[in-house]
K.L.:
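Okay, here's the structure, questions in a sec.
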Amino acid sequence: MCYPKNQGDLNIKGSSSWNIASVGQLVRQIVMNKETLWVEWVHGIYLREETSIWSHRTPIDSSWYWRKLNAIKEQMYG
């Protein structure tokens with residue numbers, strides 16, 4: 001499915017790579033402290049005492065999405 005059309009396939013990009021890149025953009029918005037409602041919410045709920053997402057440890061009782069976002073953060077930026 002991922003080969004070019006001229007090789008008889010559908011030319012579909014890898015969905016896992018695409019998903020990691022999309023979530024990476026969300027991490028980038030948090031790091032750059034972009035003035036959006038979503039980033040302000042993240043800072044108000046999850047990053048209350050911490051100033052940086054890099055020093056943040058994901059609590060066990062946080063939402064699945066926040067845990068996944070932090071896992072991608074570690075995967076992308078080490």
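The first residue of the sequence shown is numbered 1, and numbering continues consecutively from there. Please read these numbers as outputs of a predicted model, since none were measured by experiment.
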K.L.:
Within a reach of under 6.0 Å around CZ of R28, are more than 12 heavy atoms found that belong to other residues, nucleotides or ligands?
P.N.:
no

K.L.:
Check S62 against P59 and note the closest heavy-atom contact, atom names and distance.
P.N.:
OG-O, 2.8 Å

K.L.:
Please assess E40 against T36 for the test side chain to side chain contact (heavy atoms under 4.5 Å, CB included), listing each intermediate value before the final yes or no.
P.N.:
CA-CA 6 Å; E40 290 178 15; T36 63; over 6 Å; no

K.L.:
To the nearest 0.5 Å, what is the distance between OH on Y65 and CG on N70?
P.N.:
11.0 Å

K.L.:
List the residues meeting ring pair (Phe, Tyr, Trp, His ring centres under 6.0 Å) with W64, not counting sequence neighbours, and say none if there are none.
P.N.:
none

K.L.:
Please report the shortest heavy-atom distance between T58 and H56, naming the atom on each side.
P.N.:
CA-NE2, 3.9 Å

K.L.:
Just jot down the side-chain contact (heavy atoms from CB on, under 4.5 Å) partners of V42, sequence neighbours excluded, or say none.
P.N.:
I30, W38, L47, W66

K.L.:
Would V31 and W54 count as a side chain to side chain contact (heavy atoms under 4.5 Å, CB included) here? Give the steps.
P.N.:
CA-CA 9 Å; V31 169; W54 305 116; 3.5 Å; yes

K.L.:
Do V39 and L26 have side chains that get closer than 4.5 Å, going by heavy atoms?
P.N.:
no

K.L.:
V23 versus K68: any side-chain heavy-atom pair under 4.5 Å?
P.N.:
no

K.L.:
Using the side-chain contact (heavy atoms from CB on, under 4.5 Å) criterion, which residues pair with S22? Sequence neighbours excluded.
P.N.:
W18

K.L.:
Give, for atom CD1 of I53 and atom CG of N33, the distance between the pair rounded to the nearest 0.5 Å.
P.N.:
10.5 Å

